[in-house]
Amino acid sequence: MTGTRRSDRRPAPGSPVARVCVDVPLAHLDRPFDYLVPAELDAEALPGVRVKVRFAGQLVDGWLLERVERSDHPRLAYLEKVVSPVPVLAPEIAQLARAVADRYAGSLADVLRLAVPPRHARVEKELGGTAPPADTAPTGADAVPVDPRGWRDYPAGPAFLRALTGGRAPRAVWSALPGEDWAARYADAVAATVAGGRGALVVVADARDLDRLDVALTGTLGPDRHVCLSAALGPARRYRAFLAARRGEAPVVIGTRAAMFAPVGRLGLVAIWDDGDDLHAEPRAPYPHAREVLLTRAQLGGAAALVGGYARTAEAQLLVETSWAREVVADRATVRARTPAIVPTGDDPQLARDPGAATARLPSLAWTTARDTLRADAPVLVQVPRRGYLPSVACADCRTPARCPHCAGPLALPSAAGTPACRWCGRVAAAYACPECGGRRLRASVTGARRTAEELGRAFPGVPVRTSGREEVLTTVPAGAGLVIATPGAEPVAEAGYGAVLLLDSWALLTRADLRAGEEALRRWLTAAALARPASAGGRVVVVADGALAPVQALLRWDAAWFAARELAERRELGFPPAVKMASVTGPAEAVADLLAGARLPDDAEVLGPVPADEGRERMLVRVPRARAAALAEALHTAAGQRTARKAADPVRLQVDPLSLF
DNA sequence: GTCTTGAAATCG
DNA sequence: GATTTCAAGACG
């Protein structure tokens with residue numbers, strides 16, 4: 001940065017010590033290190049800038065966390081360089097990152113890597129100037145239209161908006177009505193917050209939801225009051241958007257998971273839509289979940305929180321039951337008035353009467369519903385299983401799900417022609433015979449979207465067929481007769497709503513070997529069924545599933561809260577999250593054993609396992625009461641640090657609140 | 001991760 | 001006694 005020779009350097013006159021988080025991946029180095037600020041870097045070496053320091057002889061990247069008067073360390077090295085004078089790491093984000101690292105048994109450096117996008121020098125240059133970001137949150141003088149009408153179907157809704165405008169910190173778990181324009185309601189909440197002179201941050205699961213929210217916010221606040229932030233923008237545009245947020249150019253930030261750490265001035269509201277979507281879980285260490293990060297921000301910053309969806313996760317239910325948040329729901333009469341007519345049906349094509357149904361492998365009720373809806377010139381949405389899953393298998397004769405003879409886990413076909421193997425214990429079931437009918441033939445229970453589309457197209461000749469899935473996701477489809485085949489999460493919105501929604505992938509969803517199978521099935525159904533017209537306008541939903549199952553019951557009654565309460569109660573009984581705190585330790589067997597042997601776990605910790613994981617590694621679960629969560633995370637992080645300090649070769653992966661337990 | 005350190009191992 | 005090797009420890 002300057003030509004000053006090393007021997008000529010002298011410390012800056014005021015607060016000459018910089019506390020630096022060095023960017024090294026070792027758990028035992030997860031603490032600040034002190035450096036001297038040379039006088040010539042005094043002006044640039046501000047908290048939040050990226051720096052280079054000499055660490056163990058080599059130059060490493062780091063974050064300047066704070067400037068202080070003195071250090072306990074006797075001999076300090078000088079800061080080598082300020083990489084960029086832009087203090088990209090806001091103080092409250094540094095504090096948040098520390099809290100997230102602690103919660104997830106991870107290192108601050110790991111979290112900061114997620115929190116601040118990679119620098120893009122050209123973008124920084126084009127913005128020019130080195131002015132530190134001003135605290136340019138909105139002022140109360142802003143004329144922001146607040147319209148409480150959209151929330152009046154929810155008795156607690158208008159008061160929630162008033163509290164946002166009034167600068168308070170209400171926390172809501174919101175169950176959206178079928179047909180609800182959730183993006184517009186989020187825009188209302190954001191506008192109410194901005195009207196009160198505060199900023200807001202909203203996280204959604206994917207690009208399509210982000211587009212909807214972007215449009216809704218542009219409608220209420222205009223185009224210039226919010227910044228969209230997502231990894232899909234690419235490095236340059238992402239960094240530009242991040243800098244805009246950091247400089248306080250707009251009071252509102254919306255985005256996908258990557259935005260959960262975005263700096264927002266005078267944060268008044270954090271919100272997440274559809275927190276059950278697994279895209280909200282960060283796949284990089286320490287695997288933080290957007291909902292938890294946002295709630296941590298609300299807690300640390302005294303901000304309001306909004307956790308909304310058509311469905312409700314057990315985690316959201318826990319917020320309600322612990323009184324951390326209040327539920328915002330419509331009364332039953334309103335729910336009934338908005339809900340489409342929902343009926344379950346068995347999985348048996350009625351071959352004789354409807355040749356078309358048999359061709360399309362549709363249960364006859366689904367087929368007649370589709371036919372009648374198309375005749376009435378209304379669109380039909382068909383939700384089919386997503387490709388790419390390991391197909392689960394069932395008896396080809398009686399359709400009993402094929403289960404492992406050894407552990408009763410679900411069998412799956414690793415490839416189309418392969419031998420079925422158990423998804424839980426990995427044993428190969430070469431000579432499988434169905435326990436119900438003795439049949440030896442198996443069939444995949446999942447049919448691809450494309451094939452379903454082709455078959456339906458043949459069943460209803462002359463009707464336009466559109467597909468929305470991984471390759472191409474449609475945002476909207478026109479009103480009028482048409483078939484829309486969509487995989488979960490890719491359902492387009494229909495103008496004026498769908499006349500019918502057919503939910504065909506229930507079997508694949510409900511037999512998944514997962515703690516959340518029921519919750520996830522219901523979430524996907526509600527999300528698709530919410531796009532149907534109300535029953536009064538002819539809207540119908542057919543779900544191909546046993547009407548006695550709890551998730552199906554919850555769908556029929558449109559009662560996500562009931563299901564979430566039931567689910568949480570069940571998990572309490574079984575000792576599963578979120579009723580308890582779980583962490584998983586994954587790696588080579590010896591490494592896992594070594595880490596757990598060295599960890600000073602809380603007294604009441606239970607160690608479960610091992611469970612085989614992929615590539616010959618194994619996985620142990622540690623369970624503690626929720627009150628011990630912090631102690632568990634700390635013990636695991638410390639134990640990981642002991643291993644890295646000892647140069648233990650095998651890496652061990654720590655996950656707090658792992659998304660899947662099996 | 002890399003670099004330093006000090007004690008043990010090896011060599012002439 | 002001098003030189004090399006290696007594991008342990010520190011890293012500001």
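Since the model is a prediction, treat every value here as computed from it, not as a measurement. Note: hydrogens, waters and symmetry copies are ignored here, and every other heavy atom, side chains too, is used. Sequence lines set the chain letters: A, B, ... in the order given, protein chains first and strands last, and positions in each chain run from 1.
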Which pairs would a plain distance check flag for residues 14-26 of chain A, meaning a side-chain donor or acceptor within less than 3.5 Å of a matching protein atom at least two apart in sequence or in another chain?
| unit_1 | atom_1 | unit_2 | atom_2 | d |
| --- | --- | --- | --- | --- |
| A:Ser15 | OG | A:Glu69 | OE2 | 3.2 |
| A:Arg19 | NE | A:Asp34 | OD1 | 3.0 |
| A:Asp23 | OD1 | A:Arg113 | NH2 | 2.6 |

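Within the structure, every pair that satisfies the salt bridge (charged side-chain N to carboxylate O under 4.0 Å, His left out) test and touches residues 595-608 of chain A, not counting sequence neighbours, is listed here: A:Asp604-A:Arg628, A:Glu606-A:Arg623.
A distance of about 16 Å separates the P atoms of B:dG6 and C:dG12, rounded to the whole Å.
Within the 4.0 angstrom heavy-atom criterion, only backbone atoms of the sugar-phosphate kind lie near A:Tyr35; the bases stay farther away. At a threshold of 4.0 angstrom between heavy atoms, the contacts of A:Arg646 with the nucleic acid are absent.
Residues forming a ring-ring contact (aromatic ring centres under 6.0 Å, His included) with A:Phe261 (at least two apart in sequence, or on another chain): none. Legend: residues meeting side chain to side chain donor-acceptor pair (under 3.5 Å) with A:Arg572, ordered by chain and number and at least two apart, are A:Glu321.
A salt bridge links A:Arg103 to A:Asp657: at least one charged side-chain nitrogen sits closer than 4.0 Å to a carboxylate oxygen. The existence of a salt bridge linking A:Glu519 and A:Arg523 is excluded, since no basic side-chain nitrogen approaches an acidic carboxylate oxygen closer than 4.0 Å. Note on A:Glu80 versus A:Lys52: no salt bridge recorded, every NZ/NE/NH1/NH2 to OD/OE distance being 4.0 Å or above.
Around CZ of A:Arg646, the count of heavy atoms belonging to other residues, nucleotides or ligands within 6.0 Å exceeds 12. Counted within 6.0 Å of CD on A:Glu92, heavy atoms from surrounding residues, nucleotides or ligands total more than 12; the atom is thus considered enclosed.
Here the P atom of nucleotide C:dG12 and the CZ atom of A:Arg67 are 19 Å apart, to the nearest Å. Whole-Å rounding puts the A:Lys647 NZ to C:dA10 P distance at 10 Å. Computed from coordinates, the A:Asp34 CG to C:dC11 P distance equals 12 Å when rounded to whole Å. Atom CZ of A:Arg54 is separated from atom C1' of C:dG12 by 14 Å (rounded to the nearest Å). When the P atom of C:dG12 is taken as reference, atom CD of A:Gln58 falls 11 Å away, rounded to whole Å.
Protein chain A contacts DNA chain B from B:dG1 to B:dC3, reading 5' to 3' and using non-hydrogen atoms of the protein with a distance under 4.0 Å.
Residues of residues 23-33 of chain A that place a heavy atom closer than 4.0 Å to DNA chain C, in numerical order, are A:His28, A:Leu29, A:Arg31, A:Pro32, A:Phe33.
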